[in-house]
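Here is the structure we will look at, set down as C-alpha cells.
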2 protein chains.
Amino acid sequence: MAYRAMTEELHAVLAAEGREPLRPAHGYTFRFLLDRDDVSIVDLAAHLGVTKQAASKIVAELEGWGYVDRRPHPTDGRSRVLGLTPKGRSYVDHANEQWALVEDRWAELIGADRLEALRNDLRAYVEASGGRAALRPVW
Amino acid sequence: MAYRAMTEELHAVLAAEGREPLRPAHGYTFRFLLDRDDVSIVDLAAHLGVTKQAASKIVAELEGWGYVDRRPHPTDGRSRVLGLTPKGRSYVDHANEQWALVEDRWAELIGADRLEALRNDLRAYVEASGGRAALRPVW
DNA sequence: CCTTTCTGGACAACTACGTTGACCAGTTTA
DNA sequence: TAAACTGGTCAACGTAGTTGTCCAGAAAGG
C-alpha cells in the first residue's frame with residue numbers, strides 16, 4: 001500500500017500538469033536510459049522483465065511523444081541505440097524533483113533517520129533474495 | 001522491489017505445493033472474507049478496487065475450486081453472502097504460516113525491532129495519505 | 001570465403017484481466 | 001402502487017501483455 005500510495009501521489013502531481021498518461025513502465029524506462037547510452041530494446045526488455053515486443057511498444061509510445069529516440073547502432077547494423085531526447089531528460093529531472101518532495105513529506109512524518117533506516121532494511125531484503133526483483137507487479 | 005520479492009517468495013512456495021494458480025487478488029479476497037461473514041460482491045469489489053463484474057469473476061473462480069461459496073442473503077433476495085469453505089479456511093491458515101516464515105527470514109536479517117519499526121513507518125505514510133491505498137498496482 | 005547458426009527487431013494473432021454498457025429481479029422511497 | 005435505486009449477471013470491448021513467425025545483419029565453423 002505504501003508503494004502504491006507513493007506512486008499515486010507522484011502520478012497525481014504529474015497528471016495535474018497535463019502530461020501524457022505516463023505509466024510506471026515509462027518511468028522505469030526513463031531511469032534506465034538516463035544512466036547509460038548503449039541500451040538496446042533487448043536490454044530494456046530484460047530490465048523491465050517483459051518481452052522485447054512489449055518493450056518495443058513502450059519505446060514506440062515514448063518516441064511518439066518525443067521523449068526517446070532510436071539511433072542506428074555505430075557498428076551493429078541490426079541494432080538501434082535508445083536514448084533520451086532533451087525533452088525526455090528535462091522530464092526526468094522534473095519527475096525526480098517531485099519524487100523527492102514525496103519522500104520529504106514522509107521524512108517529516110517519521111524522521112529522516114527512520115526513512116534512511118527503512119531504505120536500508122528494504123534493500124537488505126531484496127539483496128538477500130537474489131539482488132533484484134522484477135519491477136512489474138504480479139497483479 | 002521488496003514487496004514484489006516477498007510476494008514472489010510466498011507464491012513460489014505455494015506453487016511448489018501444486019496449488020491452483022492463485023493470484024494476489026485471490027489472497028486479498030481470502031483475507032477479506034476471513035474477518036467478516038456478511039460480504040457481498042459489491043463489498044468485495046470496493047475492497048479490491050475493481051468493478052463488481054471483475055469481483056464476480058474472481059469469486060466464480062474461487063467457487064469453482066471450492067474455496068468460497070455463495071449463500072443466499074437471509075433477508076435481501078437479490079444479494080448473496082460470500083464465505084470461505086472449510087477448504088478455503090485451511091488454505092488461508094496455511095498461507096499465513098508461510099507468510100510468517102517469509103517475514104521471519106527478514107527479521108533474522110535486520111532484527112525483529114527494525115522490522116517492527118518498518119511496519120510502523122510504512123503504516124504512518126499510508127495513513128497520512130488517506131488511510132488506505134488501492135491494493136491493485138498500477139502496472 | 002561461404003554456409004550455417006545466432007541475434008536484434010518488427011509485425012501479427014492471441015490471451016488475460018480488467019473495463020463499460022445493458023439488463024433483470026428485488027428492495028426502498030414517495 | 002408506481003418510481004427510483006441497488007445487487008448481480010451476461011455480453012461486448014480495451015489495454016497491455018504474451019507467443020509465433022519472419023527478416024536482415026552478425027558470428028562462428030568448415
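In what follows, chains carry the letters A, B, and so on, assigned in the order in which the sequence lines appear, proteins first and then strands, with residues in each chain numbered from 1.
Using bins of under 30°, 30° to 60° and over 60° for the plane-to-plane angle, the ring pair A/Trp65/A/His26 lands in the perpendicular bin. Ring orientation note: the planes of A/Phe30 and A/Tyr67 are nearly perpendicular, at an angle over 60° on the 30°/60° scale.
Where B/Ile41 and A/Ala55 each meet DNA chain D at their nearest nucleotide, the meeting point lying more 5' is that of B/Ile41. Looking at which nucleotide of DNA chain D each of B/Arg78 and A/Ala54 is closest to, the 5′-most match is held by B/Arg78.
Note: NE2 (B/His73) to P (D/dG7) measures 10 Å, nearest angstrom. One interatomic measurement links the two molecules: CG of A/Asp76 to P of D/dG25, which rounds to 10 Å at whole-angstrom precision. A straight line from CZ of A/Arg80 to P of D/dA26 spans 12 Å, rounded to a whole angstrom. The OH-P distance, from A/Tyr28 to D/dA16, rounds to 16 Å in whole Å. In this structure, CD of A/Glu61 is placed 9 Å from P of D/dG17, rounded to the nearest angstrom. Separating the NZ atom of B/Lys52 from the P atom of C/dG18 is a distance of 17 Å, rounded to the nearest angstrom. Atom-to-atom, NE2 of B/His26 to P of C/dC17 comes out at 8 Å; the value is rounded to the nearest Å. With rounding to whole Å, A/Gln53 atom CD is found 8 Å from D/dT19 atom C1'.
Side-chain atoms of B/Val50 lie closest to C/dG18 of the nucleotides C/dG9, C/dG18, D/dG17.
In this model, the phosphate group of C/dG8 is not approached by any side-chain N or O of A/Arg70 to a distance below 4.0 Å at OP1 or OP2. Contact annotation: A/Ser79 reaches the phosphate of C/dG9 (side-chain N/O to OP1 or OP2, under 4.0 Å). For A/Ser56 and C/dG9, the shortest distance from a side-chain N or O to OP1 or OP2 is not below 4.0 Å.
Contact check for B/Leu48 versus B/Phe32: no side-chain heavy atoms found under the 4.5 Å cut-off. A/His73 has its side chain out of reach of A/Arg80: every pair of non-hydrogen atoms, C-beta onward, lies at least 4.5 Å apart.
Counting any heavy atom pair closer than 4.0 Å across all strands shown, A/Thr51 reaches a base atom.
A/Asp93 and A/Ser90 share no donor-acceptor pair across their side chains, judged by distance under 3.5 Å alone.
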